Amino acid sequence: MAAVYDHHSVEPKWQKVWDDEKAFAATNDFSKPKYYALVEFPYPSGQGLHVGHPRPYTALDIVSRKRRMQGYNVLFPMGWDAFGLPTENYAIKNKIHPKIVTKNNVARFKEQLHSIGYSFDWDREVNTTDPGYYHWTQWIFLKLFNAGLAYKTQMPINWCTSCKVGLANEEVVNGVCERCGAPVVRKMQSQWMLKITEYADKLLEGLDSVDYIERVKTQQRNWIGRSTGAEVDFKLTGTDDKLTVYTTRPDTLFGATYMVMSPEHPYIEKYKDRITNYDEVVKYREEASRKSDFERTELAKDKTGVCLNGLTAIDPVNDKEIPIWISDYVLMSYGTGAIMAVPAHDERDWEFAKKFNLPIIEVVAGSDKPVTEQVYTDVAEGKLVNSGFLDGLSVAEAKKKITEFLEEKGIGHAKTNYKLRDWVFSRQRYWGEPIPIIHCEKCGYVPLKEEDLPLELPEVESYMPGDNGESPLAAMDSWVNVTCPCCGGPAKRETDTMPQWAGSSWYFLRYIDPTNDKELASQEALKYWLPVDWYNGGMEHTTLHLLYSRFWHRFLYDQGIVPTKEPYAKRTSHGMILGSNGEKMSKSRGNVVNPDDIIEEYGADTLRTYEMFIGAFDQAANWSMEGVQGCRRFLDRVWKLQAIVTDGDEYSKDLEVKIHQTIRKVSGDFETLKYNTGIAALMALINDFYKAGSITKADLKTFILLLNPVAPHITEEIWANEGFEGRVFQAKWPEYEEAKCVEDTVTIAVQVLGKLRGTFEEDRNASKETMIARAKETVASKIEGKEIVKEIYVPGKLVNFVVK
RNA sequence: GCGGGUAUGGCGAAAUAGGUAGACGCAAGGGACUUAAAAUCCCUCGGGGGCGACUCCGUGCCGGUUCGAGUCCGGCUACCCGCACCA
């Protein structure tokens, strides 16, 4: 044995052994119990791996390695989510094909991941930009199209007035273009959409059947945002038209004092002759078009709006004529694009009414202050007033009664609404999956035939979007102009590509059968491997990627393509790794840590141990070089255990209880995301080993097995040095006996009036009477001359005396 | 703005189900070894007071429930994440 642990020679050595022996390949032996562990596949950026990546990867590598030791057939795959904007922008700037850029980045990422010693099954690597992969992404799109879930509509995009290109939200900084600084406006564009809203209820209900951490479920539920209310028709004065609003509070209908329409509402165009201040309205609408939905609702505090002079509405319950305003906080994309405003009982309406001096009428009583001074939104306590036939009812009763009334009169009906919006699926970009649709003047949108897939990305001369905001593909006349598969007439290909979310919405299915060129994956393999048993990923993917992939999966289930309703049985999330200054790591802040440097100086096992020890797994943590060093010191102490090991195939007597406790602790902590305390327990045990002076081979063996999932290289090397049989990755996970986890004596805390006044040691089986008697001795001076009113005894823990 | 989180020593953090706050690690101070340093090993380490047995205070802030609150309840404050074309 070498005197010191030399990671430079040991780590690559074992990585090669694992590769050569195909140590971590999932087998197709479907008779074995399976375990599918999944981490989010990375976007192979030009910067290479970031120290944030190894955190979730190491966590599930630990789980995977432990599962294999527990006898499971484990699938733990890795791949590349390689389409995307930064690669395309790099390609534009440097005139290099994105394919080449991607290939280089992937090679770098793969080498980096390899050097950390992950137990990925590299035989199942997938890449979303590979035509053999996106063949099936396009195939799923065709299924969606044929099921009526893909449609085209006019949607606004961010448009740079100077570059003449569509921009991603991220490329818009404070309303101007990130590259040139010119103002960005919203421009209408015909876009492909996916009807995720049709799956809103299924996605909501599915959450009840899966084991996701609670905040992920809550965030998805709120994102879907189901609310039940009513749609109500208000007559437009002097016309045959009605203005339909959506409200969650139909009970407050008698308190509506004005209406607000979205600035984009079609009635504005329709009745522009009636609106006497139309110029002002148009100006306001232009200003609103410069703001994103986010800004429009963000600026809600300082309400803006314009009253439509000449256009009013009639409240259907009391025939009152009320004014109509337009304001940007009302969005065309939610509800009906118009609201009735009840300022007494809605915060935004109240602020708006105060600003523009509009009447505020109380219709729910129960507030401490008059509603002209403070908005009253309590729905549990209040009773209806000033509301005709609703007076005296509770809010819930009134909701029911008014909805029945509206339905009876034919002026409204109960309505469920969702905050969730349909998924904008078009990008005017090159580096994405081509949308396999042909547009024919005669036949409309015609899908490609399945046998014509994959529709490969053609080579183009420039990756720059066209002047009118079209994708670079639009310039490829020979590719664009085709004959209609339906009528044989002249037709044009769709030139938009899919968003990056497309490839990542189903990648976990492809790992199951990655080389199948007949189907997306074989039914037999899907039945065996699904669902994913444990999926860990960033909290930032909760509402988009996670929801999108659940949507696709549920759709595929409805089509009979996959055997489970839900793709992921369990979902957990990790916290971000921040720079040592507590800020997000970024080049500009100069606080970026490259994992390669850590591996070079301290080794992969140190990196892995530190990333797991850094803090609570689900919380953000600051990087610390000193902390890295501490973990390396721990591994050095592990290495040096070889110097104090003596023969013996049983646990040392003095260490036996500690070892059993540690097996229990580590086995549990590795399952519950508490990697930091699991490692702390191993550190505590090694401290006990050194205190004992010498340990048996059995002591060492168990310690090595427990540490192996975290630090696989050093443990494999010690295992070989000590002549233990086979490889650690083939060994069995250690077991503990509950009976051997308990000490003979317990320490009892003694409190007087809840304050700690002393402790004593006693046989753990001693009676309650003995414990209380010993407790009285322990705090004799504190309770002397006082009356004991109550004795509280918590077995094995404490005694508390309540005295007078 | 809306939705979701988080707050404990000098620092990263622990604390099954309301029961000894600060495990484990880092930094710091002292000691051993060394010509010296590094490495390693040993000891101390929340704050105040006391020579001392001890004692008071302490888990973001204000209040409550309880024999007992970091943990439960009500009300705040600060910070972090997401907000649909970054991934």
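Letters A, B, ... mirror the listed sequences (proteins, then strands); counts begin at 1. Fair warning: this is a prediction, and the values are worked out from it, not measured in the lab.
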Does [X] make a side-chain N or O approach to OP1 or OP2 of [N] shorter than 4.0 Å?
X	N	value
A:Lys217	B:G3	no
A:Asn89	B:C86	no
A:Asn222	B:C2	no
A:Lys674	B:A15	yes

Report task. Could you run through RNA chain B and flag its stems, i.e. three or more consecutive Watson-Crick or G-U pairs with both distances under 3.5 Å? Result -> B:1-7 with B:77-83, B:10-12 with B:24-26, B:28-32 with B:40-44, B:46-49 with B:54-57, B:60-64 with B:72-76
Query raised in the report: Is there a donor-acceptor contact under 3.5 Å from the side chain of A:Ser426 to the main chain of A:Trp192?
Result: yes
Checking all strands, does [X] fall into the base, sugar-phosphate, or nothing category for heavy-atom contacts under 4.0 angstrom?
X	value
A:Ser45	nothing
A:Arg757	sugar-phosphate
A:Glu791	nothing
A:Arg215	sugar-phosphate
A:Asp618	nothing
A:His541	base
A:Ile614	sugar-phosphate
A:Leu578	nothing
A:Leu167	base
A:Thr543	sugar-phosphate
A:Lys804	nothing
A:Asn676	sugar-phosphate
A:Ile157	base
A:Gln189	nothing

Distance, [atom1] atom - from [M] to [N], rounded to whole angstrom:
N	M	atom1	answer
B:G12	B:A27	P	15 Å
B:U59	B:G22	P	14 Å
B:U8	B:A21	C1'	8 Å
B:G5	B:G60	C1'	16 Å
B:C56	B:A38	C1'	44 Å
B:U65	B:G74	C1'	11 Å
B:C67	B:C62	C1'	24 Å
B:A84	B:C79	P	23 Å

Query - Residues in ring-ring contact (aromatic ring centres under 6.0 Å, His included) contact with A:Phe425, at least two apart in sequence or another chain - result: A:Phe141, A:Trp423
Tell me the interatomic distance from [X], atom [atom1], to [N], atom [atom2], rounded to whole angstroms.
X	N	atom1	atom2	result
A:Met683	B:C26	CE	C1'	10 Å
A:Tyr5	B:U40	OH	P	17 Å
A:Ile679	B:A14	CD1	C1'	14 Å
A:Gln619	B:G4	CD	P	18 Å
A:Asp346	B:G1	CG	P	16 Å
A:Gln661	B:U16	CD	P	16 Å
A:Gln220	B:G5	CD	P	14 Å
A:Lys419	B:G4	NZ	C1'	13 Å

Requested in this report: Tell me, please, which residues at least two apart from A:Ser227 pass side chain to side chain donor-acceptor pair (under 3.5 Å).
Outcome: A:Tyr246
Query raised in the report: Looking at residues at least two apart in the chain, or sitting in another chain, which of them share a side chain to side chain donor-acceptor pair (under 3.5 Å) with A:Thr87?
Result: A:Tyr43
Query raised in the report: Do other residues, nucleotides or ligands put more than 12 heavy atoms under 6.0 Å from the CD atom of A:Glu784?
Result: no
Query raised in the report: Out of A:Tyr57, A:Trp506, A:Tyr507, which residue meets the ring pair (Phe, Tyr, Trp, His ring centres under 6.0 Å) rule with A:Phe41?
Result: A:Tyr507
Report each atom pair, protein N/O against N/O of nucleotides 41-45 of chain B, whose distance is under 3.5 angstrom.
residue	atom	partner	partner atom	Å
B:C41	OP1	A:Arg637	NH1	2.8

Report summary line: d(A:Leu707 CG, A:Met683 CE) to nearest 0.5 Å is 9.5 Å
Requested in this report: Working to the nearest 0.5 Å, report the span between OH of A:Tyr5 and CG of A:Leu635.
Outcome: 7.0 Å
With 3.5 Å as the limit, what N/O pairs link the protein to nucleotides 64-72 of chain B?
residue	atom	partner	partner atom	Å
B:C67	O2	A:Asn800	ND2	2.3

Query raised in the report: What's the verdict on side chain to side chain contact (heavy atoms under 4.5 Å, CB included) for A:Phe670 and A:Leu706, showing C-alpha distance, side-chain angles and the deciding distance?
Result: CA-CA 10 Å; A:Phe670 285 180; A:Leu706 292 176; over 6 Å; no
**Report entry** Ionic contact status for A:Asp636 with A:Lys640, cut-off 4.0 Å
**Finding:** no
Query raised in the report: Salt bridge between A:Glu40 and A:Arg571, side-chain N to carboxylate O under 4.0 Å?
Result: yes
Report task. Return the nearest nucleotide to the side chain of A:Val794; candidates are B:G19, B:C85, B:C86. Result -> B:G19
